[in-house]
Amino acid sequence: MTVAARTADLTGGRPVVPSRGVLRPLGLSEVRITGGFWAQRQETNSRATLDHGREWMDKLGWTGNFTAEAGRGSAERRGREFSDSEVYKLIEAMSWETGRQADPARDAEIAELTAMIASAQAADGYLHTAFGRPGQRARYGDLAWGHELYCAGHLLQASVARARTSGDDALLNVARRVADHVCDEFGPSGRDAVCGHPEIEPGLVELFRATGEQRYLDQAALFVARRGRRTLPRHEFGWSYFSDDIAVREAKVLRGHAVRALYLAAGVVDLAVETGDDELLETVAAQFDRTLARRTYLTGGMGSRHLDEAFSDDFVLPADRAYSETCAGIAAIMVAWRLMLATGREHYADVIERILYNVVATAIGDDGRSFFYAHTLHQRSLTAVLPGDVEQLGFGGGPRAPWFEVSCCLANTARMLASLSTYVASVDDDGLRVHQYADADIDTALADGRRVGLRMRTGYPDEGTVGIEVTAAEPGPWTLALRLPSWAAGATVTVNGEPQQATGDRVVLRRDFAVGDRIVLALPMRPRFTRPDPRIDAVRGCVAVEQGPIVLCAESAGGALDLDSLRVDAGTDPAADGGVTVRGVAEELPERPWPYADAGPVGRRTTLDVPLVPYHRWARGGPSTMRVWLPTT
Ligand SMILES: [Zn+2]
């Protein structure tokens, strides 16, 4: 049996397979999402987004860069330095998708792409289409911006996804040769350097987990130890942009380019888990927790500086400058998931849920063929209508577009959606934990090997009732734990109609479950006002409205209502009769030659009920303006 086949048998399609930790993740074969909010998005991903990504990557030459003819010289090479990584992420997404539901045509497509990629690999294992060939820049001549190791990291992740979902080791063999080359080149006696964009670190650890090759783990450890010594060239954004300003073990918070910092953090958690370095694990957990406490938007989005796509200082979270890149959201889920598996701390599942419903669900258009790169929380001017066949050169803001010159976010979202069921539940020493609520069927084994099955059905997040039926159980007690979201005070739970205690961050039900037992969790879904920490000056004096895990917003189709003239009465609870509204006042704001005076402008006031919609729905019905944070009367 090949390594890949053995790996696939062992893991059953899991994106992250730590060798130790409080929780054991479940695979695509153990949890299926069967209906509802996320099934619909998985279907769109399967039916439209994967093909959309392929069509654009073919059209723009990103796939063609791998073919032998294009590989002979730089003249034909197209796209930015990191375009190889988009092909790899798309293959990763396709791999999770074929693990979710068998698809021979997609398997054939993955095989075709794999052969194309293999044809571009140099004899010594090096693989990147923008460097090292006649007429191109030298290999590793631009570590700050070249993205060579970044692309390699995504290839490693894609190859592991393919092996874990199919047993096919063709791409894994390409990845092993790349990883061997990286170890030769950057090992203890090799180049003393790091890549400007972290990503090789989690890739190497996962390849170690899939193959057992210790060398890959050691190389990841070297890259982490080398980060923070300012070996990358000086740059106007500063070394923090590359997380190269402070040693990983010394840093207190995530900083600099958000996606870079978060991918690095994900790799550091992986490394700490595999090396048994609990001090390092707690260090990165503290960095992430502090980032959540001071540098994260209400949506779970991260990054408030457009200039360098970066975290800003503590509490600098302006709604109208929210960068909140889709990829930063997905990378934050990667970090939160790894930390939760390692520590069992349930609050990380709250973070994952917040990002899923308010960043991931917002990113992709209803047709699966357009997407947000950045996620503003306040759109002052009408969004534009973009043509469906034109690549956008700017990528930092604006409406959902079919494609951007930098299109990292589409394939990233696709791989998250295709693998989403693996984030629903996990197994610990006592039993099974449910982290996310969705229509899902779970069939797995407890830590002691006993089989357990659950059928979860719910209208969540439109409704707060979650019904769970035990579909398989063996004799003897075990614990079923259900996450209680931080907003869910007053939640109730029953087992076969008997009320149970529901406090803390999860309901813990320990009993000798039998097939047919029925658990009902009722989460309070009243819309509620949320207030910002007063140190977030940009939204001081404002409120937002949330309902369950959903952040709501005021949206004005066609800009008919000037949302910036609105103030809401936070003393009157939001109403929820067939749609959420808040009581408010619209005040006409007269034009003035100078926007500062000893008193504010006075205009005609109109009292109104302001309808709110889920933030993830905004800008789907044509040009609109929008705001999440609403000033109060
Ligand atoms: Zn992105």
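- Between Thr362 and Arg400, some side-chain heavy-atom pair lies under the 4.5 Å cut-off.
- Aromatic pair Trp145/Phe242: centroids less than 6.0 angstrom apart.
- Put simply, the side chain of Asp366 never gets that close to the backbone of Arg620: no donor and acceptor are under 3.5 Å apart.
- With salt bridges taken as basic N to acidic carboxylate O contacts below 4.0 Å, none links Glu92 and Arg162.
- The aromatic rings of Tyr126 and His181 stand perpendicular to each other, their planes meeting at an angle above 60°, with 30° marking the opposite boundary.
- Between the Arg191 side chain and the Val194 main chain, no donor and acceptor come within less than 3.5 Å of each other.
- Using a 4.0 Å cut-off between charged nitrogen and carboxylate oxygen, Arg137 and Glu148 do not count as a salt-bridge pair.
- For the pair Met57 and Leu90, the minimum side-chain heavy-atom distance is below 4.5 Å.
- With respect to Asp270, the side-chain contact (heavy atoms from CB on, under 4.5 Å) criterion is satisfied by exactly one of Leu217, Thr275, Val224, Val205: Val205.
- Side-chain contact between Asp277 and Leu271 is absent, with no heavy-atom pair separated by less than 4.5 Å.
- Proximity of the aromatic rings of Tyr423 and Trp337 is defined here by a centroid distance below 6.0 angstrom, and this criterion is met.
- The aromatic rings of Tyr88 and Phe66 are tilted relative to each other, their planes meeting at an angle between 30° and 60°.
- Asp107 places none of its side-chain heavy atoms less than 4.5 Å from the side chain of Asp103.
- Of the charged side-chain nitrogens involved, at least one lies within less than 4.0 Å of a carboxylate oxygen, so that Glu201 and Arg227 count as a salt-bridged pair.
- For Asp192 and Arg226, the salt-bridge test passes: some basic side-chain N is under 4.0 Å from an acidic carboxylate O.
- For Arg54 and Glu112, the salt-bridge test passes: some basic side-chain N is under 4.0 Å from an acidic carboxylate O.
- Centroid-to-centroid, the aromatic rings of His128 and His147 stay 6.0 Å apart or farther.
- Ring to ring, Phe404 and Phe371 are close: their centroids are under 6.0 angstrom apart.
- Between Trp38 and Tyr357, the ring center distance clears the sub-6.0 Å criterion.
- The aromatic ring centroids of Phe37 and His616 lie less than 6.0 Å from each other.
- Side-chain contact check for Trp96 versus Pro15: some heavy-atom pair is nearer than 4.5 Å.
- Under a 3.5 Å cut-off, the side chain of Glu30 and the backbone N or O of Asp443 do not form any donor-acceptor pair.
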